[in-house]
Novice: 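This is the structure I have questions about; it appears just below.
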Amino acid sequence: MQQRASRIVVLAGGIGGARFLRGLQQAAPDADITVIGNTGDDIHLFGLKVCPDLDTVMYTLGGGIHEGQGWGRADETFAVKDELKAYGVGPEWFGLGDRDFATHIVRTQMLAAGYPLSAVTEALCERWQPGVRLLPMSDDRVETHVAVEVDGERKAVHFQEYWVRLRASVPAEAIVPVGADQAKPAPGVLEAIADADVILFPPSNPVVSVGTILAVPGIREAIADAGVPVVGLSPIVGDAPVRGMADKVLAAVGVESTASAVALHYGSGLIDGWLVDEVDAGHVGPVEEAGIRCRAVPLMMTDTDASARMAAEALALAEEVRAV
Ligand code: GDP
Ligand code: CA
């Protein structure tokens with residue numbers, strides 16, 4: 001009897017998630033991969049629904065990503081943005097290119113016609129053929145807001161305003177996934193988790209990517225109850241995020257920017273295994289003491305081969321966990 005393909009579920013944000021997934025596809029070409037994508041970064045701009053993390057995964061795995069940037073489309077032009085600017089219509093701080101605009105127009109049109117985001121995402125993936133099943137964490141609206149103090153005034157701003165416009169330069173006092181408590185997992189999410197052989201947390205942002213997905217009621221519990229190895233990879237290398245400002249949002253939830261602190265933040269009730277970079281070998285001990293099996297391996301996704309080696313290490317650690 002032929003063995004069925006192993007079923008892998010991955011909780012993904014944008015760039016870190018997408019680059020890891022490309023490596024995972026190379027490391028496990030026969031695996032049946034379901035991606036649960038973060039939608040807390042979603043934003044309405046110019047009347048359009050923009051889903052940055054879903055699109056980053058879709059474009060990266062579908063061959064349409066701007067490789068150097070890690071988000072947005074390759075060979076992009078900005079005629080629409082320039083025209084909007086000529087009308088004095090912003091925001092200017094969020095870069096939407098012409099090719100990217102088409103995705104958001106199609107999505108918004110389908111949502112307006114009554115299709116849920118999960119069905120819209122599936123339709124967009126018909127074109128991109130990402131080779132994974134890409135599910136939004138929820139069809140319900142969830143928007144991450146950040147409580148900040150600007151000029152002595154405390155206010156909440158949309159995550160994208162905090163991240164892209166303010167470049168996380170003002171201290172974040174709280175991170176709130178608005179709507180998450182009322183949101184339901186999208187169709188297929190809980191089923192995929194229950195049917196998984198392995199669950200992976202790529203080196204995505206632990207607070208505003210993976211953390212937001214886990215904030216949808218039912219998802220964390222389903223992962224903890226799945227009874228299969230759950231293995232994560234650290235986005236923090238040498239006590240700093242590899243790219244971006246994850247340290248700022250970790251500080252907002254009271255977590256140090258170290259590879260071990262992130263593992264303990266997830267906790268042994270959720271993850272069974274954790275990979276840290278070789279430079280963080282000193283963090284293996286504290287993670288293992290907390291009851292999480294830990295290994296130090298190279299964790300820099302310099303190219304797809306490097307990401308594939310990381311994915312293979314994560315799968316090997318999952319098998320070690322399963323064996324005990
Ligand atoms: P975003 O939604 O585009 O911010 O992407 P994710 O949440 O999926 O991933 C962001 C995280 O990926 C950041 O915290 C980075 O530190 C991490 N990251 C990016 N590149 C690498 C890498 O090469 N290695 C590791 N270990 N982490 C990375
Ligand atoms: Ca994101």
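The residues of the chain are indexed from 1 along the displayed sequence. Order of appearance sets the numbers: ligands from 1, and atoms from 1 within every ligand.
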Novice: Applying the side chain to side chain donor-acceptor pair (under 3.5 Å) criterion to N38, which one of D53, N205, T56, T144 satisfies it?
Specialist: D53
Novice: Does I33 reach the side chain of Q25, with side-chain heavy atoms less than 4.5 Å apart?
Specialist: yes
Novice: Would you please name every residue forming a side chain to side chain donor-acceptor pair (under 3.5 Å) with R19, sequence neighbours left out?
Specialist: none
Novice: Mind checking side chain to side chain contact (heavy atoms under 4.5 Å, CB included) for E122 and listing every partner two or more places apart, or none if nothing turns up?
Specialist: none
Novice: More than 12 heavy atoms of other residues, nucleotides or ligands under 6.0 Å from CD of Q26: is that the case?
Specialist: yes
Novice: Does a side-chain N-to-carboxylate-O contact under 4.0 Å join R133 and E191?
Specialist: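 No, no charged N to carboxylate O under 4.0 Å.
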Novice: Are any of the side-chain nitrogens in K184 or D140 under 4.0 Å away from the carboxylate oxygens of its partner?
Specialist: yes
Novice: What are the protein N/O/S atoms, named by residue and atom, that sit under 3.0 Å from the Ca ion (ligand 2)?
Specialist: D41 OD2, D53 OD1, D53 OD2
Novice: Return the protein residues near ligand 1 (heavy atom under 4.0 Å from any of its atoms), ordered by chain and residue number.
Specialist: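 G13, G14, I15, G16, G17, D53, P203, S204, N205, S209, S234, P235, V237, P241, V242, R243, A246, L299, M300, M301.
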Novice: Would a distance-only check, ignoring hydrogens and angles, find a side-chain to backbone donor-acceptor pair under 3.5 Å from D98 to A79?
Specialist: yes
Novice: Is V262 close to W274 at the side-chain level, that is, under 4.5 Å between some pair of heavy atoms?
Specialist: yes
